[in-house]
Amino acid sequence: TRKGAVIPVLANVGCQEDTRAAVENGADGVGLYRIEQAYFGRLKPPGAEELLEEMNRTLEPAKGKSVCVRLLDIGADKPLPFLKFMAESNPSLGRRGVRLLREYPELLNTQLRTILKLSEEFDIRILVPMVTLPDDMGMVRGRLEKIASEMEVTSLPELGAMIETPAAALSAGELAAHSDFLSFGTNDLTQYTFAADRENAAVECYFDDTAEAIFKLMRITRDDVPGMPLSLCGELAGHPEHTARLLECGIETFSVAPPLIPGVKEAIRNV
């Protein structure tokens with residue numbers, strides 16, 4: 001516990017096997033559901049009903065627990081056959097996450113409709129990937145409210161911004177106007193802070209998600225938005241030796257790979 005509150009440990013999942021393993025390992029819910037698996041290898045995107053069926057199947061073992069769905073996080077480095085990507089010399093700095101959803105609004109609309117339908121059966125939250133500008137969140141918030149009105153949904157899922165860029169961390173105050181919570185994705189936050197591709201072994205020595213710069217960005221975010229719920233879903237969340245330091249940065253929810261859940265829970269108990 002911290003300040004008298006329980007610190008939930010959730011799971012990062014992408015398929016039903018992940019979700020089942022998470023529940024077996026004592027997860028308090030799903031902190032990051034990657035929906036990319038429903039899109040990869042397809043010649044056309046799934047419709048709302050097909051996507052709903054896939055999401056229900058994946059999340060069924062976690063029914064009754066909280067679930068955070070990340071919107072489709074793909075880009076030129078993870079192409080989909082049904083989208084016409086322009087070649088990008090540096091995909092990591094190109095159209096990823098919400099940037100791509102802004103360009104293909106029907107993809108976003110289908111996901112939001114499906115998630116709103118899913119919220120009838122699950123305790124759902126929505127996470128927006130690769131946020132850089134406050135307007136990224138403003139656009140998604142506006143679209144969510146419009147679609148919810150069309151569907152006559154009165155209780156909207158909480159909407160959160162992924163903090164994966166230094167710009168997002170330094171703009172937390174502005175993002176808060178459109179966000180119910182913020183979630184640090186420390187893998188990409190480290191990549192963009194140190195300008196070091198996490199897949200490039202040649203710059204591996206520069207990629208350090210435990211560096212003081214990363215913790216400083218988290219503390220800056222915490223101080224800029226007091227009272228805003230903060231979560232962490234990057235690999236850093238799964239390192240128990242840093243749990244105490246993360247709690248000091250205001251992290252209230254950890255989301256990790258299913259096998260790591262018991263170790264992180266034990267680390268929290270020992271702080």
Side-chain angles (χ1 to χ4, degrees), residues 12-16 18-19 29-60 62 66-85 95-133 135-162 164 175 178-183 185 188 231 233 255:
N12 300 333
V13 306
C15 61
Q16 188 184 65
D18 289 344
T19 310
V30 173
L32 180 68
Y33 170 31
R34 307 180 185 92
I35 64 173
E36 288 77 38
Q37 295 302 320
Y39 288 81
F40 287 146
R42 300 178 59 96
L43 297 179
K44 61 179 182 179
E49 289 301 318
E50 191 175 3
L51 185 58
L52 180 63
E53 181 180 346
E54 173 67 22
M55 296 175 77
N56 264 312
R57 181 167 54 249
T58 298
L59 297 173
E60 190 274 334
S66 66
V67 172
C68 185
V69 179
R70 183 180 67 185
L71 297 176
L72 186 63
D73 188 14
I74 53 100
D77 60 332
K78 293 180 284 186
L80 297 176
F82 52 82
L83 295 183
K84 295 180 179 179
F85 282 96
R95 296 173 301 169
R96 293 186 55 197
V98 69
R99 299 176 180 184
L100 194 85
L101 295 176
R102 298 188 75 152
E103 191 168 335
Y104 294 91
E106 195 49 47
L107 271 180
L108 175 60
N109 293 344
T110 297
Q111 290 169 68
L112 294 178
R113 290 190 194 100
T114 304
I115 292 170
L116 286 170
K117 186 68 176 176
L118 192 72
S119 68
E120 297 175 3
E121 302 291 333
F122 291 87
D123 176 15
I124 292 289
R125 300 196 302 168
I126 303 171
L127 193 53
V128 183
M130 198 58 187
V131 171
T132 309
L133 305 174
D135 187 56
D136 290 335
M137 288 301 295
M139 180 277 296
V140 178
R141 170 70 71 183
R143 195 71 58 79
L144 177 63
E145 291 175 350
K146 182 176 186 297
I147 292 173
S149 176
E150 294 170 352
M151 295 176 63
E152 299 184 346
V153 174
T154 56
S155 181
L156 270 64
E158 290 187 348
L159 185 67
M162 287 199 77
E164 300 176 283
L175 293 176
H178 309 289
S179 306
D180 299 304
F181 66 99
L182 302 177
S183 182
D188 272 327
S231 62
C233 57
S255 189

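Values below: all heavy atoms of this structure, side chains included; hydrogens, waters and symmetry mates excluded. Source: prediction; values computed, not measured.
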side-chain contact (heavy atoms from CB on, under 4.5 Å) against Thr58, all qualifying residues, sequence neighbours excluded | Thr19, Tyr33, Glu54
Derivation of the side-chain contact (heavy atoms from CB on, under 4.5 Å) call for Thr132 and Val98 | CA-CA 9 Å; Thr132 309; Val98 69; over 6 Å; no
Under the salt bridge (Lys or Arg N to Asp or Glu O under 4.0 Å) criterion, do Glu60 and Arg57 qualify, and how do the steps go?
-> CA-CA 5 Å; Glu60 190 274 334; Arg57 181 167 54 249; over 6 Å; no
Can you check whether Glu53's main-chain N or O pairs, donor with acceptor, with Asn56's side chain at less than 3.5 Å?
-> no
Is Asp180 reaching over with its side chain to a backbone N or O of Gly160, donor-acceptor style, under 3.5 angstrom?
-> no
Pairwise distance CG(Leu108) to CZ(Arg113) - rounded to 0.5 angstrom | 9.5 Å
Side chain to side chain contact (heavy atoms under 4.5 Å, CB included), paired with Val67, selected from Leu118, Val30, Leu32 | Val30
Solution key, residues 142-151 side-chain donor-acceptor pairs under 3.5 Å, sequence neighbours excluded:
residue : atom : partner : partner atom : Å
Arg143  : NH1  : Asn109  : OD1          : 3.0
Lys146  : NZ   : Glu150  : OE2          : 2.6

Review item, side-chain donor-acceptor pairs of residues 121-130, under 3.5 Å, at least two apart:
none

What is the distance from atom OG of Ser183 to atom CD of Glu164, rounded to the nearest 0.5 Å?
-> 8.5 Å
So Arg34 and Asp18, salt bridge (Lys or Arg N to Asp or Glu O under 4.0 Å) or not? Walk me through it.
-> CA-CA 11 Å; Arg34 307 180 185 92; Asp18 289 344; 5.3 Å; no
Taken to the nearest 0.5 Å, the spacing of Ile35 CD1 from Ile115 CD1 works out to 6.0 Å
Euclidean distance, Asp135 CG relative to Met137 CE, rounded to 0.5 Å | 11.0 Å
Keeping the roles fixed (side chain from Glu103, backbone from Arg99), state whether a donor-acceptor pair exists under 3.5 Å.
-> no
CG (Leu156) and CG (Leu116) are apart, to the nearest 0.5 Å, by 6.0 Å
Sub-4.5 Å side-chain heavy-atom contact between Tyr104 and Pro45 | no
Please test Arg70 against Glu36 for salt bridge (Lys or Arg N to Asp or Glu O under 4.0 Å), starting from the C-alpha separation and ending with a verdict.
-> CA-CA 9 Å; Arg70 183 180 67 185; Glu36 288 77 38; 3.2 Å; yes
Are the side chains of Leu175 and Asp136 in touch, meaning some heavy atoms are under 4.5 Å apart?
-> no
Value for CD1 (Ile74) from CG (Leu101), rounded to nearest 0.5 Å, stands at 7.5 Å
Considering all heavy atoms, the nearest Cys233-Asn12 contact = O-ND2, 3.3 Å
Going through the distances and angles, do Asp188 and Met162 end up as a side-chain contact (heavy atoms from CB on, under 4.5 Å)?
-> CA-CA 10 Å; Asp188 272 327; Met162 287 199 77; over 6 Å; no
Is a side-chain donor or acceptor of Gln111 paired with a backbone partner of Leu72 at a separation under 3.5 angstrom?
-> yes
Would you mind checking if Arg42 and Glu50 are paired as a salt bridge, meaning a charged N to carboxylate O distance below 4.0 Å?
-> yes
